[in-house]
Amino acid sequence: MTVRKAIIPAAGFGTRFLPVTRTIPKVMLPVLNEPAIQFSVQEAARAGIERIVFVISRGQEATNDYFRPAPALESALETRGNTELLNEQRGISSMVRTSFVYQDEQLGLGHAVLMARDEIGDEPFAVFLPDDIIWSDSPTIGALIDVFSQHGGSVIAVRQVPDEAIPSLGVIDPEPLGDKVYRVKRMVEKPRLEDAPSNLAIVGRYVLTPQVFDALERARPGAIGEIQLTDAIDAVRAEQGAYAYEITDDHFDVGTPIGMLKASIYAAMKRDDMADELKSWLKTMVNS
Ligand code: G1P
């Protein structure tokens, strides 16, 4: 079974990153020198996804523009004979087709996903939460698509998290099925620690069926007064089943400035032209 389309919810004020988010969409803030959202788009493209729908707020059109061709820049690079950079730039706009829809009210993640319903239509689709960046050799969403092909239903990525992270995440009640794969017996959004069924928390990668849209249409506000995607997936679970795929790769939540900083340092450490200089500077910082 193929998954051709994906939704990337990217609306919101980016409150934790004010003041920079007064004019720059949060997902366009850089991890080193790449906008955070590019990691999700690349992961989608690597897994064969052809079309991405961004859900944005008004004024955040830069998010979609970024993935369109930049003819003036490209011809300048061509004139200068900078082929490497030119190919890199062309690669950004040729990865996938993108479009966007608006979310005019901030009613929650589930509501954001529902805004893209008409663009997706009646077929299974992926969802990427761009705050979650996963460094792995093969795209995580590809592994989820494999689980979906085998079992159907909804498939979500999960990871082991420490107790203190539980109340701000979605958590599953898992029944092990095989290597890294679980059947989800129940899922709950932002539980109190004492109510959490496990330490396996949802990471922002999903493969969902269009029935989830029906559940979102019916959904009432859940945790923190918002329409929650987790609740809608749990509602269709009884009928269609839900499965989880556990990731053990390096993961960053770039939804906070410190998370973004850590991801940037991690990315720099992986670069030959930066790693040594960064390491020696960090040593002096730690020792001062
Ligand atoms: C969302 C999901 C939650 C998930 C988290 C992962 O929460 O609702 O289930 O664990 O993303 O990043 P949010 O961060 O939007 O509050």
Side-chain angles (χ1 to χ4, degrees), residues 6-17 21 25-27 29 31 36-37 39-40 43 54-57 103 105-116 126-135 140-141 144 154-174 182 184 186-193 195-208 212 215-216 219-237 242-247 249-260 262-263:
I7 302 173
I8 305 189
F13 296 119
T15 323
R16 279 179 286 194
F17 284 91
T21 41
K26 183 184 78 170
V27 294
L29 297 179
V31 173
I37 199 165
F39 290 83
S40 289
E43 186 184 323
F54 300 118
V55 183
I56 61 170
S57 303
Q103 183 190 22
E105 294 170 288
Q106 305 303 307
L107 299 181
L109 174 61
H111 177 256
V113 167
L114 184 58
M115 296 299 101
V127 177
F128 291 76
L129 305 188
D131 282 351
D132 282 309
I133 295 185
I134 304 161
W135 261 273
T140 300
I141 202 73
L144 266 65
S154 305
V155 185
I156 54 182
V158 294
R159 68 186 174 101
Q160 294 282 354
V161 300
D163 285 355
E164 60 272 19
I166 294 281
S168 52
L169 298 170
V171 179
I172 67 160
D173 186 358
Y182 302 87
V184 178
R186 180 168 69 94
M187 51 205 290
V188 37
E189 183 64 26
K190 305 192 199 310
R192 293 184 311 182
L193 182 58
D195 298 332
S198 76
N199 275 61
L200 281 174
I202 300 171
V203 184
R205 299 292 184 274
Y206 310 75
V207 173
L208 304 174
V212 171
L216 284 170
R220 307 221 146 272
I224 62 169
E226 295 186 348
I227 309 276
Q228 295 291 350
L229 183 59
T230 302
D231 296 344
I233 299 170
D234 202 45
V236 294
R237 181 185 44 78
Y243 301 87
Y245 174 81
E246 183 179 353
I247 63 160
D249 310 282
D250 293 332
H251 163 272
F252 292 89
D253 174 4
V254 300
T256 62
I258 185 75
M260 183 69 94
K262 287 180 191 170

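Just so you know, these numbers use all the heavy atoms, side chains as well, and skip hydrogens, waters and symmetry mates. Residues take their numbers from the sequence shown, with the count starting at 1. Owing to the predicted nature of the structure, the values given are computational and were not obtained by experimental measurement. Counting convention: from 1, in listed order, for ligands and their atoms alike.
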Run the numbers for me: atoms of ligand 1, each under 4.0 Å from some heavy atom of Thr230, listed by number.
9 (O)

Measure the distance from atom 4 (C) of ligand 1 to every protein heavy atom, then report the residue, atom name and distance (to 0.1 Å) of the closest one.
Ile202 O, 3.4 Å

Just jot down the ligand 1 atoms closer than 4.0 angstrom to any heavy atom of Glu189, in number order.
2 (C), 3 (C), 7 (O), 8 (O), 9 (O)

Within a distance of under 4.0 Å, is there any protein heavy atom near atom 14 (O) of ligand 1?
no

Contact (N/O only, under 3.5 Å) between Gly170 and ligand 1
yes

Taking every heavy atom of Pro130 against every heavy atom of Ser40, the minimum-distance pair comes out as CA-OG, 3.6 Å

Short list, please: which atoms of ligand 1 are under 4.0 Å from a heavy atom of Lys190?
7 (O), 13 (P), 16 (O)

4.0 Å heavy-atom contact, Asp131 with ligand 1:
no

Does Ala201 reach ligand 1 with a nitrogen or oxygen that is under 3.5 Å from one of the ligand's nitrogen or oxygen atoms?
no

How close do Gly225 and Pro221 get, counting heavy atoms only, and between which atoms?
O-CB, 3.4 Å

Considering only heavy atoms of Leu109, which atoms of ligand 1 have at least one such atom less than 4.0 Å away?
2 (C), 8 (O)

Between the candidates Asp132, Val161, Leu229, which shows the shortest non-hydrogen contact distance to atom 12 (O) of ligand 1?
Asp132

Carboxylate-amine/guanidinium contact Asp131 Lys26, below 4.0 Å
yes

Tell me whether Tyr206 has any N or O atom under 3.5 angstrom from an N or O of ligand 1.
no

Asp132 and Gly204 have their tightest heavy-atom pair at OD2-N, 2.7 Å

Do His111 and Gln103 get their side chains close enough for a donor-acceptor pair, meaning under 3.5 Å?
yes

Minimum heavy-atom separation for Thr21 to Gly14, with atom names?
OG1-O, 2.9 Å

Quick one: closest heavy-atom pair of Ala157 and Thr140, and the distance?
CB-CG2, 4.4 Å

Heavy-atom pair with the smallest gap, counting every atom of Asp231 and Gly222
OD2-CA, 3.8 Å

The atoms of ligand 1 lying under 4.0 Å from a heavy atom of Leu129, numbered in the order shown, are 1 (C), 11 (O)

